[in-house]
Amino acid sequence: MSLLFRRASLASLGLAFGLSALSLSPLMAQEAAPAPAAAAAPAAAPVDPNTVIATINGQPLTEADLVLAEGELSQQFAQLPPEQRRAAALSAAIEIRVMAAQAVTTGLDKDPDFQRRMAFLQQRALHGEMVEKGVVDKVTDAEVRARYDQEIANTPPTNEVHARHILVKTKEEAEAIIKQLDGGADFQKLANEHTSDPSGKTSGGDLGWFGPGQMVPEFDKAAFALEVGKYTKQPVQSQFGWHVIKLEDKRTKQPPAFDDVKDQAKQAVIRDKYFALVKSLRAGAKVEIPDANLKKAVDTLESAK
């Protein structure tokens, strides 16, 4: 479960297409001598977001603007040393502003294609803001815990087994091993001596614990049919060869702890809230699609949500 809604980034706007600040090349990073270890510095005092960092043609660029640039362009700065990222972000922000100003001067902001793109990106950014403020921020811990409890309650209990096996190439070899077991031979010793499974040669054929469907069907069926402490009286054939299987133990599989899956539970709550919000908004919106085939395709997608 994964939420794929993100705020539109400056990089996606196409405004920072060839930032010269980003040509602080990996080569420079490689040549820079590693900084000596420093003692832990005291926590920095909070910076006023309205602090002016630079002015470009008389227009202020504030700390808040710089933080935004650092966040939105973080992927481009990922390869830079941390101490260079702030300067690179400022350089990029300055470059964006001067290029944008020149674009306005030359009338590019009036281009119909640009205006359509900007309108779409504004809508996309507002969509992301609505998801963030109207959905994600409103999810409570109690809702996440309730979703976890619901999933656990709706999941039927399943058994898992602990088994060993001896894998050989022919049915005759497997039958000979079963005969030795019938005579009281030790399963683990025989596994170490005869199995062709590399992982089982030093572990007595131990496969550990596994649940239904984790092994090939023939093996799975035979293992789960055994009683604890028993071994297969007939060789079991699979695509890997012939198996002799011994069941060591059975248990009911325990559900994952809440702390281990709470992030997935939260994403499930977010997803459900998002689609509920979309459904309510779509119900109140007048949407017309003249193309019948396209409308049918869209309706099919909508019904699957």
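No experiment lies behind these values; they were computed from the predicted model shown.
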Take atom [atom1] in [X]; do more than 12 heavy atoms of anything else shown fall under 6.0 Å from it?
X      : atom1 : answer
Lys253 : NZ    : no
Gln214 : CD    : yes
Lys201 : NZ    : yes

Check: [Y] main-chain N/O paired with [X] side-chain donor or acceptor under 3.5 Å:
X      : Y      : result
Glu248 : Val228 : no
Ser91  : Ala87  : no
Asp220 : Gly213 : yes
Asp260 : Pro256 : no
Arg164 : Ser203 : yes

Tell me whether [X] shares a hydrophobic cluster with [Y], the cluster being built from Ile, Leu, Val, Met, Phe, Trp, Tyr side chains joined at under 4.5 Å.
X      : Y      : result
Val104 : Leu108 : no
Val67  : Val47  : no
Leu294 : Leu301 : no
Phe77  : Ile96  : yes
Leu126 : Val131 : no

Between [X] and [Y], a side-chain donor and acceptor under 3.5 Å:
X      : Y      : value
Ser238 : His243 : yes
Thr51  : Asp48  : no
Thr195 : Asp197 : no
Glu173 : Thr170 : yes

Within the 4.5 Å heavy-atom criterion, are [X] and [Y] side-chain neighbours or not?
X      : Y      : result
Val161 : Asp249 : no
Phe187 : Ile166 : yes
Gln59  : Arg97  : yes
His194 : Ile177 : yes
Arg251 : Glu160 : yes
Met130 : Leu277 : yes
Leu247 : Glu227 : no
Ile56  : Leu61  : yes

Revision key, fill the gap. Salt bridge (charged side-chain N to carboxylate O under 4.0 Å, His left out) with Asp113: of Arg116, Arg117, Lys110, only one passes, and it is Arg116

Rounded to the nearest 0.5 Å, what's the gap from [atom1] on [X] to [atom2] on [Y]? Could you check?
X      : Y      : atom1 : atom2 : answer
His162 : Trp209 : NE2   : CH2   : 7.0 Å
Asp206 : Ser199 : CG    : OG    : 9.0 Å
Met215 : Phe224 : CE    : CZ    : 9.0 Å
Asp182 : Glu175 : CG    : CD    : 11.5 Å
Tyr231 : Leu226 : OH    : CG    : 11.0 Å
Glu70  : Asp65  : CD    : CG    : 11.5 Å

Check your understanding: Does the ring centre of His165 sit less than 6.0 Å away from the ring centre of Phe219?
Key -> yes

Pair [X] + [Y], salt bridge at N-O below 4.0 Å:
X      : Y      : answer
Lys296 : Asp291 : no
Glu302 : Lys279 : no
Asp272 : Arg147 : yes
Lys295 : Glu288 : no

Where do [X] and [Y] come nearest, in terms of heavy atoms and distance?
X      : Y      : answer
Thr252 : Pro157 : CG2-CB, 4.1 Å
Leu73  : Ala92  : CD1-CB, 3.9 Å
Gly205 : Ala191 : N-CB, 3.6 Å
Pro255 : Ile152 : CB-CD1, 3.4 Å
Glu129 : Lys133 : OE2-NZ, 2.6 Å
Phe210 : Ala223 : CZ-CB, 4.2 Å

Exercise for review: Kindly determine whether Asn50 and Glu63 satisfy side-chain contact (heavy atoms from CB on, under 4.5 Å), including the steps that lead there.
Suggested key: CA-CA 6 Å; Asn50 296 315; Glu63 179 68 30; over 6 Å; no

Review point. Going through the checks in order, is the salt bridge (Lys or Arg N to Asp or Glu O under 4.0 Å) test met by Lys262 and Glu151?
Key: CA-CA 11 Å; Lys262 64 182 179 181; Glu151 292 290 341; over 6 Å; no

Practice item. Run the numbers on Lys273 and Glu143 for salt bridge (Lys or Arg N to Asp or Glu O under 4.0 Å), then give the verdict. Key: CA-CA 11 Å; Lys273 282 180 172 290; Glu143 288 175 317; 3.0 Å; yes

Practice item. Test side-chain contact (heavy atoms from CB on, under 4.5 Å) on Glu193 and Lys189 and set out the steps. Key: CA-CA 6 Å; Glu193 292 174 354; Lys189 183 178 179 182; 3.3 Å; yes

Point to revise | Working for side-chain contact (heavy atoms from CB on, under 4.5 Å), residues Val144 and Phe258 | key: CA-CA 10 Å; Val144 176; Phe258 173 69; 4.0 Å; yes

Study note, to complete from the structure: The residue among Leu190, Val236, Thr232 that forms side-chain contact (heavy atoms from CB on, under 4.5 Å) with Val244 is Thr232

Review point. Between Lys266 and Thr140, does a side-chain contact (heavy atoms from CB on, under 4.5 Å) hold up when you go through it step by step?
Key: CA-CA 9 Å; Lys266 182 175 182 178; Thr140 67; over 6 Å; no

